[in-house]
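Since the model is a prediction, treat every value here as computed from it, not as a measurement. Heavy-atom basis, side chains included; hydrogens, waters and symmetry copies ignored.
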Amino acid sequence: MPGAVMELAAKYHVETDLPIQKAAEAIAAEQSTGTWTDVRGQDNPLAARVISAQGSEVEIGFPEELFEPGNVPQYLSVVAGNLFGLGP
């Protein structure tokens, strides 16, 4: 399909004191562009996006350009990475 955007969708169960939307945005930023801090050029085409955030469930979309085809360790690193050791 011309112009179709391909992405990997990952679902997370989140336990946090933050509002769930803010937590979802933090996960997307940390796992794709590597920072929780606002930086110039936030419209980075490699940035992940929040697909949904409700209750304690979050779904994040990662652009296909982040991945090397068939590199399973890289997929796992991007989706999980250092995420589980983060604070709030």
Side-chain angles (χ1 to χ4, degrees):
M1 183 176 347
V5 175
M6 297 292 290
E7 64 185 2
L8 179 139
K11 292 184 180 181
Y12 300 89
H13 174 80
V14 179
E15 295 180 11
T16 181
D17 293 331
L18 295 173
I20 195 66
Q21 183 66 33
K22 186 162 183 69
E25 291 167 2
I27 291 168
E30 176 64 24
Q31 295 307 109
S32 63
T33 57
T35 180
W36 287 41
T37 307
D38 289 337
V39 293
R40 294 180 80 185
Q42 283 294 104
D43 295 327
N44 184 336
L46 297 179
R49 70 182 185 93
V50 176
I51 296 172
S52 66
Q54 296 180 16
S56 61
E57 303 300 316
V58 168
E59 186 171 6
I60 306 293
F62 295 92
E64 71 174 324
E65 292 83 9
L66 285 176
F67 305 100
E68 176 183 324
N71 188 339
V72 174
Q74 183 206 19
Y75 281 79
L76 294 173
S77 175
V78 169
V79 171
N82 67 347
L83 181 62
F84 299 104
L86 299 176

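With Q31 contributing its side chain and A26 its backbone, the two residues share no donor-acceptor pair below 3.5 Å.
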**OP:** Tell me, with the steps shown, if K11 and E57 meet side-chain contact (heavy atoms from CB on, under 4.5 Å).
**Re:** CA-CA 7 Å; K11 292 184 180 181; E57 303 300 316; 5.6 Å; no
Original post:
Are V79 and Y12 close enough, and set up right, to give a side-chain contact (heavy atoms from CB on, under 4.5 Å), and what steps lead you there?
Top reply: CA-CA 10 Å; V79 171; Y12 300 89; 3.6 Å; yes
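For the atom pair CG (L8) and CD1 (I60), the distance works out to 11.5 Å, reported to the nearest 0.5 Å. Note that the CD1 atom of I27 and the CG atom of L18 stand 9.5 Å from one another [nearest 0.5 Å].
Between L76 and P73, every side-chain heavy-atom pair lies at or beyond the 4.5 Å cut-off.
Minimum heavy-atom separation, P63 to P45: CG-O, 3.6 Å. Between V58 and A24 the shortest heavy-atom distance is CG1-CB, 3.6 Å. Shortest non-hydrogen contact noted between A28 and V50 is CB-CG2, 4.4 Å. The two residues A48 and S32 have their closest heavy-atom pair at N-OG, 2.8 Å. When all heavy atoms of A9 and I51 are compared, the pair lying nearest together is CB-CD1, 4.0 Å.
Screening E59, E7, E25 for a salt bridge (Lys or Arg N to Asp or Glu O under 4.0 Å) with R49, the sole residue that qualifies is E7.
The neighbour count for Q54 CD, taken as heavy atoms of other residues, nucleotides or ligands under 6.0 Å away, does not exceed 12.
Aromatic ring orientation, Y75 versus F67: parallel (interplanar angle below 30°, classes split at 30° and 60°).
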